[in-house]
Amino acid sequence: MSETPVRVRFAPSPTGSLHIGGARTALFNWLFARGREGLMALRVEDTDVERSTSESERAVVDDLRWLGLDWDEGPEVGGPYGPYRQSERKEIYRREANRLCAAELAYPCFCTDEELEARRRAAQAAGRTPQYDGTCRDLDEEERAERRAEGRPESIRFRVPGEPAVVRDLIRGDVVFPADAVGDFVILRSNGLPTYNFACVVDDAAMRFTHVIRGEEHLSNTNRQVFLYRALGHPEPAFAHISLILNPDRSKMSKRKGEEATFVSEFRAQGYLPEALINFLALLGWSWDGEREMFSVEELVEKFSLERVNATPAVFNRDKLEWMNGQYLRALPLAERAARVRAYLAERGRLPERADVDEFLERATAAVGDRLKTLADVEGYAGFAFSDSFEIDPKAKEEVLGKKGARESLVALAGMVEESERFEPAVLEARARELSTKLGVKPGDLFFPARVALTGRKVAPGLFEVMSLLGRERTTRRLKAATAWWEEPAAASRA
RNA sequence: GUCCCCAUCGUCUAGCCGGCCUAGGACCCCGCCCUUUCAAGGCGGAAACACGGGUUCGAAUCCCGUUGGGGACACCA
């Protein structure tokens, strides 16, 4: 098929854990590579010493792994074009910057931050585009020596050619930038570290990437990068700028809004499955035929293509993610589902303390059944059985236990439970139905008060599964405690 | 402000190399069924081509403009 093997990369800056947008970018790169026998690299862009931390790097790596994404080259795994941390490539950037200087394609700049800032302000006030004014552009060696002697900071600026730049983008077509879109920009800071655009181009070229798939926020920087490729004498990779993921108010999602989760780790903590998140993320900007939307990772690898990635920004739709997570959860065999719930609760330090925890969680997961939308829902719906202490929701108490006939129902049911020889959902249900016929009470009227008495809430799993989960002893105790409410309201909640 | 990108139901989207579209699917919402609650499931419904000009026999689909949204204009990435 294709002659040149595909090489792509995901290049996060380790200034926090993995953002949902970054995860989607990583996913598209990964799908693209895996679908055509290509290679994927992880490059850590840690040139911002202030904000980069090794903890963040670890967090990003953990999140990517959790999602099931892997890479062939990177900081830990190595590879032919390492090192893969930009902080370990300083000499390379220096050397390349010097090369550009020697060729007069770049030059040392001695302007201070204050001077730059003042000129920027002045330009803005005058209604001009704030671009570098070229103060140091044509200094001769003597003048440069003078400034060095003054002890001024020395950075290196790229001499921008006065011509338009064309970015060939696989998703957007050719994007043309006018000649005066950018002024001379810094490529090597006075502290010796490269700026983003420079390090990025030097590395992307050195690491032989064939495709640069990244977020749209980089598109308006790509004219700079195109100039740099040319100056450095390297061929450009194919670019693909995928559109941004937006908040419901259409602002960029990486700018946090309220309590909305924006990090992969948060979705993990909320009980989402990696395969559901992957499937959902894949559909943010990509589609197969507009009809099918449930895809296994293998299918995504097989079907993904940049041709079917659209250019429209996408608002993150939490409801749909939740729905999809439920689909994945419910499709899992019970044992597997319960194992995931167990792992999730263990990770969060919320495992119920009991000897038969595995068996208990499997029964609890089964009881919660189709209500399950996130791993957190088992505790959400069956938490009443996790321990002895539970509270009856005051509103439910008022509305259900307060109804006439409720107490009689509880008393009758408590008697039935004590006498029932076998404590299994099916048996309990059969007996309870007999009871309702005998008493001439509708099943619902008989069961509903018990649900509240046993779980403390109106919304819960099926009544007989609830009983079975609690066991005979706790069931009886809670039922009896609830009947005591009429005499002593506080007693019921102590069961 | 300048430059760049984008524009189909509330949201994700299909359609966009023009007629097959009285615009399809999914989430959400509403109704009905099932039902001891809540879900899940089944059935049905509401809901969109931003606007204005062209081009054409014919435009959601092509072109221009307007409007709107977003991004970028740093010795952050």
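Numbered from 1 within each chain, the chains take letters A, B, ... in sequence-line order.
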Just how far, in rounded Å, is P of G25(B) from CD of Glu293(A)? 12 Å
Rounded off to whole Å, could you give me the CG-to-C1' distance for the Leu283(A) and C12(B) pair? 7 Å
Just checking [X]: base, sugar-phosphate only, or nothing, at a heavy-atom cut-off of under 4.0 Å?
X	value
Asn221(A)	base
Val176(A)	sugar-phosphate
Arg157(A)	sugar-phosphate
Cys109(A)	nothing

Which one is paired to [N], where only Watson-Crick or G-U wobble pairs with both distances under 3.5 angstrom count?
N	value
C73(B)	G1(B)
U37(B)	none
C43(B)	G31(B)
A50(B)	U66(B)
A60(B)	none

Quick one: what's the B/S/- string for nucleotides 29-51 of chain B, heavy-atom cutoff under 4.0 Å, read 5' to 3'? -------BBBBSS----------
Parallel, tilted or perpendicular: which one describes the rings of [X] and [Y], with boundaries at 30° and 60°?
X	Y	result
Phe28(A)	Phe304(A)	tilted
Phe158(A)	Phe185(A)	tilted
Trp286(A)	Phe295(A)	perpendicular

Which is more 5' along RNA chain B, the nucleotide nearest Leu188(A) or the one nearest Ser287(A)? Just name the residue. Ser287(A)
If you pin Ser190(A) and Thr312(A) to their nearest nucleotides in RNA chain B, which one's is more 5'? Thr312(A)
So, OP1 or OP2 of A77(B): does either fall under 4.0 Å of a side-chain N or O from Thr47(A)? yes
Axial cation check for Phe390(A) ring with Arg474(A), 6.0 Å and 45° limits: no
So Arg318(A) and Phe267(A), do their side chains get closer than 4.5 Å, heavy atoms only? yes
Taking the ring of Phe280(A) and the ring of Phe316(A), is the distance between their centroids below 6.0 Å? yes
Candidate nucleotides C12(B), A72(B), C6(B), ranked by approach to the side chain of Ser220(A) - the nearest: A72(B)
When rounded to the nearest Å, what value does the distance between C1' atoms of G65(B) and G45(B) take? 39 Å
Pick the C1' atom in G24(B) and in A14(B), then give their distance to the nearest Å. 7 Å
